[in-house]
Structures are given as structure tokens and as C-alpha cells.
**Q** 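Mind looking over this structure? Questions follow.
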Amino acid sequence: MPWPPRSIACDSPKSSARSPATTPSSWPSPTRRGSAPYGHASRQSRRATRRIPTGARIRTMYWADELAARVSGPQVVNDSKTPSGTVHVGSLRGPVIHDAITRALRARGIPVEFRYGVEDLDAMDAQALLTPDAVERYMGVPLSRVPAPEGSDAPNYARHFVGTLFFPTFARLGIRPEFYWLSEIYPTGKMDPFIRTALDKAQLIRDLYVRVSNVERPSGWLPIQVICEACGRIGTTLADDWDGSTVHYRCLPDYVTWAKGCGHEGRIAPFGGAAKMPFNVEWAAKWSLMGITIEGCGKDLATKGGSRDRSEAISREIFDREPPINVMYEFLNVGGKKMSTSKGRGAAAHAVAASIPGDVLRFLFLRPRPNQAIDFDPAGTDAIPRLHDEYDRISAATAGATVRGELPADHDRLHFYSQVADGSAEAAKVTAAAWRPAFGQLALLLQLPGVDATARAAAEKGTPLTAPEQAELTERVDAVTHWLADYAPDEAKIAVRDELPVDLVAQLSGEERAWLLNLADRVDAARAAGTPLETGEAWQGLIFSAAKEGGLQPVRAFASLYAAFLGRTNGPRAGWLLAALAPSFITERLRSAAAVAGVAA
RNA sequence: GGGCCGGUAGCUCAGUGGUAGAGCAGGGGUCUUUUAAACCCUUGGUCGCGGGUUCGAACCCCGCCCGGCUCACCA
């Protein structure tokens, strides 16, 4: 990965110190018109938003377009991730949101860079993910220096979880930022000017922590985390003296509870990768270094007096630069609860991305406004089918069809940003008009043996599928298969009961039971006459002629079949279902169902 | 304790000043090939509570109640 990209001007603290006040247009800087309508805007600033003349119109725009309309000049969008372990689906919200912002800017003709950073110099603090002996050895060590789990080809822990598992899902979702790793940036020396400034202004930073967040640092605390020369840990060291070229530090056994320092004490020049700035200082330094103008963050960081506030204050007061525009985004919860890999709640990002089509997964994150929590509970629910249905509905509306129900503001923009393919709005409209099978119907279909999904789809559509439609069908078949295997509730699963579902069958009318008996006789007769009964068509014909003969409405006939075989009142095409069963089993089941004493007259 | 989000039909949710909506579920009906089908009709709501602004409030303002997440140690 080339660094730095030529197009990005790297502001050193020195140059940025004189530029913002005097020549604000000489660098990419967030240009604000009014206050943010999202993020942690205060009530007062919301009032201000409503007062601007275009307010009423702006508020009907899709949120990403709204943001893009507020800025001018080249923009740098940034997002980042600390790779402390398995990344769950919720972590995809940031990348998807930043990607949508990037596309919204580009759609308005605004030059934009999209970067994604990995904080792989941060200390390992996720004990649960290490083997017991590794805990003692690696807790507190920079993630880029912790070995990858057993069996991984990745060079280290961070590369394994983020590089080989998380990033590939980016590609699947059409998200293509320029990736960078902090473990590669520090050694280049690009961070050194910021480190020097931070150390020179250590007292100001300590004061700022108290003022903004009410956080008191130990006396002599310096905004630098040295990598211990003896044990390699970064989470356990405390630096307490800066002489203008080196810092004195100690690696303390009890500085943090989750890792034990080795006791080493020394003095080192904290440059070129020997040390890193603490998170908040580093964040602000990155904004300056890369000229970042837009960067959202999760609500955990965006709380008042929290991490984001500290970094913004540091950016303004230490590095003398206006911080980027923030877009605070809420989390994705599972069943109203926070995702927790350790508690088995919430699946890994790469697993979910593999089982839900990219367009639909993007749609999940882009449908609600960023500051709205998403509740996504796929296990044992119809959440995934409903998500597909809603995607189909918005697609249909985008294609110009009239749909039921209310539509969100600018639904065609929502559809546009949901596309994995990063194409034009016109191309997205063409995609929207494509034929796609309803998730639920596909779920029934795929539970029948020997079904050709493509043929069935073409039959339903009326004409052969186009190549894109075939591709989407394949993707959706895959999604349905995953859903049935991992998430679908039992009601959605079609299974022939081993035992006769007596309760349901008892509710059939005498007429219906008589019909079942008649069908059994006809099956025997057909077999005796040598009539072939291998195909679904043949069985379907037999069912209908038997129903006609008995004077029974077909819908009742089918319902009683479903009751007898599946224990439910509906199901897949009955002829094809029976064709998959042994004829002797069928006649036996029909007769035993007919023999049940009914509760209905 | 601070912050953010939410509370609208049985369920899931849309709807940011102009007669309360959709899907599913429930009830009824149509269809001689049925697909968690389709189509038609239908039941169901003090829009969390109380004030205020307005000719008019689910929507704006103030104050509460409830739920969730989050921060206050680290990132």
C-alpha cells in the first residue's frame, strides 16, 4: 500500500499552525453551512438548522445527499478500526456509511478520497481470544506484533482478523477505500512532528482532558505510549519525562489491570515507531496528517465529554486545526441487545456478508438514518425475508412501479446507495427494474427435492431471465439456503412428519377425510394399472381429478394434504411434494389420516 | 449521574404542521391447478403521559414516564 498518496497534502503541526486562520482555503477543510442535523447536535443547533431558508427542502433529502450538499471543495473521508478480534456485523455500519458519504460527494462532482485505517499499534486487550499461555505473553503488546491464531496464514493478529476476514467483506459490499495501517505509518516518521508537538504541549493536553472529560492523568503523565524495549508491551508503559529529544518511561506491572508490565525502565527517543500517541491525540494527529474533512464515529465515542470531544479539542487547541465533520452513528443490536461475540450474540461480519446479498446488506445499514439504532435479529425470525421484501419494495418504487405503504424520503437515492455496483443513478434504475423472486416463495421452492430454481423463476417471470437477473437469483438462492440452514424459524421449514399430525388432522371435516381415503384408493388403482406416478405433474393431476370427483374445493383438498403430511395448513406444490415420497408411505398416511376420529362434524 | 435513540394497530415498522398508514397476523369473500399464492372486503389505534405554540400537532416547544444502548478505565 503506497503511502502517502500523492494527492493528499500532509499538514505538519508547524504548517497547520499558521494556515487555518490566515488561509483557510489552502487546505481541505470542512466547510460548514449551518449545523449538523445529525450527530450530537444540541437542541439549540437544531433550531438553527430549521431557521436556514432551505431547511424544509434539505430535510426531505437522503441523509448522505444532505451532508454532501453542506460541503464544498475537495474532501477526505476517513474511517478506522481497532482490530482486537473477530469483527461482527455491526462493525460494517461505519464502512457502509462512509462509503455512502463518499459516493454522495462524488455524485455531486466533489473530489473525494476515502481512507480506512487500522489501529494495529494499539495494545492487545482481548483476553478471551488468546490461549492461556498467550495471555501472559501478549496482553498489552501491539496488535501488529501478536501472532495470528493457529492455522492462519496472516503475518500477525491484526492482519488475520482485519486483513483476511474483514476487508474481503468490504469488497463484497463494493466498499473500496485506500487502506492504511498505523504500524506502517509510524516508522515512516510522518507522525514525528505531531509527537513532538504533543509532548511540548503535554501540560495543555492534561488540562484539556480535565476540562473536556473530567479525566485526571497521573502527575507527569505524557501523551506518548512507548513500546517497552525489554518486553515489547505498549499498554503497560508510563512516560513521565520529556527533555526535548527523549522520554523516560517505566513498564509497570500494575499500570493497567488487563496486562502486566515487566518492570523495565529506560529512556528513548519516541520517534519513528518506537512509541505511539494515545488514541485521542493520535486521532487528532491523523486528521491533520491526512487532511481528513469528514469522519463519523460510533455513539460510544461520540458521547458528550467522550473520546470524540477530547480529540476535537486536541485538534483545535494542540494541532490548531478544525476537526472533520462528524456523523455519529448508532449501533446494530440483536434482539434489542448489544452484540457480543463472547456471549454468542451477533454473527461475525464475514459470515453474515457471505449469507446476505451485498445490496441487501448495504440496504440494512442505509435504510435508517445513521443516528437510529438498528435492531436486527435474524435467528429464528423472519427478519431476513422481511429485509429482502423491503429491499424489493424500494426497488420496485425506484423502477417507477406503484407500491403499497409509505416510502422513505428519496427512496431512489436509498436504492442507489444500496447498490454494490458503484455505477450511475441510471444504471441503478435499470437494476431496480430487474425481476427478482420473492424471498419467501424461493424459501418454499428450495425445500422441494429436484427443483430447478432458474426454470421456475423464468416460468414465473414469463420470459427467460437476463444475465443480471440470473446472477441475482443465484445470490438469492444462496441467501435462502443459508437462512434455512442457520436462521429460519421452524414454521418456515417444510418437513414431512414422521408421525401423523393427529391434532391438526382431527380438525378436518368428514368430507375432507373421505377425500383423503378416496385419493389413497386412486393411488392404488393407478399403481395397479401401471400408470406412472413419478412426476410432480402426474401427482398434481391425480390430486385435482380426485378433488373434482369428490366435489371438494381444491383449496380444501390441498389444505388437508398439508395437514396430513406436513402438520401445517399450507405448503409447497403438493404434487411435487408427494412425488418425492414413497407411494406406499403415501397411501398408508392417507388412510391413517382418514381414520382419525374428527372433532368436526 | 451525563449523552444518544426509541415509545404509532396483536407483531414489525413507515409517516417531521393539513382527514392516522403499510406489511404480516385475525375475520369474511372470489378463483376447477393449489405455492407463508393472487385478488376483493374487513376488524383493530387516547400516535407513552401532561402542559404549551398554532386556525390546525404523531410531527414544533417545555416537563415527565418507560425501554434500549452508551460514557464516566482503555481504545
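Chain identifiers are assigned alphabetically (A, B, ...) following the order of the sequence lines, protein sequences preceding nucleic acid strands; residue numbering begins at 1 within each chain.
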**Q** P atom, C69(B) versus C64(B): distance in rounded Å?
**A**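 After rounding to an integer number of Å, I get 23 Å for this pair.
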**Q** In whole angstrom, what separates F279(A)'s CZ from C74(B)'s P?
**A**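 Value for this atom pair: 12 Å.
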**Q** Roughly how many Å apart are C5(B) and U43(B), using the P atom of each and rounding to a whole number?
**A**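 So the two P atoms sit 37 Å from each other.
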**Q** Check the phosphate of A75(B) against Q225(A), side-chain N and O only, distance under 4.0 Å to OP1 or OP2. Yes or no?
**A**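 For Q225(A), the contact criterion (side-chain N or O under 4.0 Å from OP1 or OP2 of A75(B)) is met.
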**Q** With a non-hydrogen cut-off below 4.0 angstrom, is L301(A) in contact with a base, only sugar-phosphate, or nothing?
**A**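 Contact class for L301(A): base.
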**Q** Within the distance-only criterion (no hydrogens, no angle test), does the side chain of S315(A) pair as donor or acceptor with the backbone N or O of A284(A) below 3.5 angstrom?
**A**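 Not at all, since once roles are kept as given, no pair shorter than 3.5 Å links the two residues.
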**Q** Output the rounded distance in Å from CE (M139(A)) to C1' (C74(B)).
**A**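 These atoms are roughly 11 Å apart.
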**Q** Looking only at atom C1', what distance separates A22(B) and G45(B), rounded to whole Å?
**A**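 Going atom to atom, C1' in each nucleotide, I get 14 Å.
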**Q** Expressed as a whole number of Å, how far does the P atom of G17(B) sit from that of A57(B)?
**A**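 Straight-line distance between the two P atoms is 14 Å.
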**Q** Considering only side-chain heavy atoms of Q372(A), which listed nucleotide, A14(B), G3(B), A75(B), is closest?
**A**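 For the Q372(A) side chain, the nearest candidate turns out to be A14(B).
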**Q** Given that both distances must come in under 3.5 Å, which nucleotide forms a Watson-Crick or G-U wobble pair with G56(B)?
**A**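 Base partner found: none.
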**Q** In whole angstroms, how far is the C1' atom of A75(B) from the CE atom of M277(A)?
**A**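 About 15 Å, once rounded to whole Å.
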**Q** Do we see a donor-acceptor contact under 3.5 Å between the side chains of R522(A) and S545(A)?
**A**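 Their side chains do contain a donor-acceptor pair, which is all the 3.5 Å distance test asks for.
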**Q** Once you round it to whole Å, what is the distance between C1' of G3(B) and NZ of K299(A)?
**A**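 One finds 9 Å between C1' of G3(B) and NZ of K299(A), rounded.
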**Q** Identify, between G305(A) and R310(A), the residue whose nearest nucleotide on RNA chain B lies closer to the 5' end.
**A**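 Going by which nucleotide is closer to the 5' end, it is G305(A).
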**Q** For C69(B), which nucleotide is its Watson-Crick or G-U wobble mate, given both distances must be under 3.5 Å?
**A**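 Pair assignment: C69(B) / G3(B).
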**Q** NA contact type, E282(A), heavy-atom cut-off 4.0 Å: base, sugar-phosphate, or nothing?
**A**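 Nothing: the residue E282(A), judged by heavy atoms under 4.0 Å, touches no strand.
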**Q** Under a 3.5 Å cutoff, is there a donor and acceptor pairing between the side chains of E295(A) and N78(A)?
**A**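 Their side chains do contain a donor-acceptor pair, which is all the 3.5 Å distance test asks for.
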**Q** Ignoring the backbone of F331(A), work out which of A75(B), U70(B), G2(B) is nearest its side chain.
**A**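 Looking only at side-chain atoms, F331(A) lies closest to U70(B).
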**Q** Between atom CG in D389(A) and atom P in A25(B), what is the gap in whole Å?
**A**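 Going from D389(A) (CG) to A25(B) (P), I get 12 Å.
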**Q** Let me know which of K286(A), K81(A), K276(A) forms a salt bridge (Lys or Arg N to Asp or Glu O under 4.0 Å) with E119(A).
**A**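 Filter result, single survivor: K286(A).
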**Q** Verify the contact: side-chain N or O of N371(A) to OP1 or OP2 of C4(B), cut-off strictly under 4.0 Å; return yes or no.
**A**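 N371(A) to C4(B) OP1/OP2: no side-chain N or O under 4.0 Å.
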**Q** Given the C1' atoms of G23(B) and A9(B), what is the spacing between them in whole Å?
**A**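 12 Å, rounded to whole Å.
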**Q** What interatomic distance, in whole Å, is found between C1' of A25(B) and the corresponding atom of U42(B)?
**A**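 Per the computed distance, 14 Å lies between those C1' atoms.
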**Q** Have D65(A) and Y417(A) got a donor and an acceptor in their side chains that come within less than 3.5 Å?
**A**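 Result is yes, a qualifying pair exists.
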**Q** Rounding to an integer number of angstrom, what distance separates C11(B) and G18(B) when you compare their P atoms?
**A**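 These two P atoms come out 27 Å apart once rounded.
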**Q** Check whether any side-chain N or O of R217(A) sits under 4.0 Å from OP1 or OP2 of C74(B), and answer yes or no.
**A**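 Looking at the OP1 and OP2 atoms of C74(B), one of them is under 4.0 Å from a side-chain N or O of R217(A).
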**Q** Which nucleotide in the set A75(B), G6(B), G3(B) lies at the smallest distance from any side-chain heavy atom of P278(A)?
**A**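 The answer is A75(B), which lies nearest to the side chain.
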**Q** Should C64(B) form a Watson-Crick or G-U wobble pair with both distances under 3.5 Å, which nucleotide is its partner?
**A**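 Check on C64(B): paired to G48(B), both distances under 3.5 Å.
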**Q** Just compare G6(B), A75(B), C4(B) and give me whichever is closest to any side-chain atom of E330(A).
**A**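 When the side chain of E330(A) is considered, C4(B) is the closest of G6(B), A75(B), C4(B).
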**Q** Measuring from the side chain of D300(A) (C-beta onward, heavy atoms only), which nucleotide among A14(B), C71(B), U33(B) has the closest atom?
**A**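 From the listed options, C71(B) comes nearest.
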**Q** Which base sits across from U30(B) as a Watson-Crick or G-U pair, both distances under 3.5 Å?
**A**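 Looking at the geometry, U30(B) pairs with A38(B).
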**Q** Measure CE/M124(A) against P/A75(B) and give the value in whole Å, please.
**A**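 One finds 16 Å between P of A75(B) and CE of M124(A), rounded.
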**Q** Is a donor from one side chain sitting under 3.5 angstrom from an acceptor on the other, for S311(A) and N280(A)?
**A**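 Note: S311(A) and N280(A) side chains meet the donor-acceptor criterion.
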**Q** Rounded to whole Å, how long is the line connecting atom CD of E216(A) with atom P of A72(B)?
**A**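 Distance check: E216(A) CD to A72(B) P gives 16 Å.
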**Q** Check whether any side-chain N or O of R369(A) sits under 4.0 Å from OP1 or OP2 of G6(B), and answer yes or no.
**A**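 Result: yes.
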**Q** Could you work out the separation of U16(B) and U30(B) based on their C1' atoms and round it to a whole Å?
**A**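 The answer is 41 Å between these two C1' atoms.
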**Q** Distance check needed: C74(B) P versus I234(A) CD1, whole Å only.
**A**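 Nearest whole value for this atom pair: 15 Å.
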**Q** Using heavy atoms to find the nearest nucleotide of RNA chain B for F439(A) and P368(A) separately, return the residue whose nucleotide is more 5′.
**A**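 In this pair, the answer is P368(A).
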**Q** Please state whether the rings of Y391(A) and F363(A) are parallel, tilted or perpendicular, taking 30° and 60° as the class boundaries.
**A**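 Answer is perpendicular, since the angle exceeds 60°.
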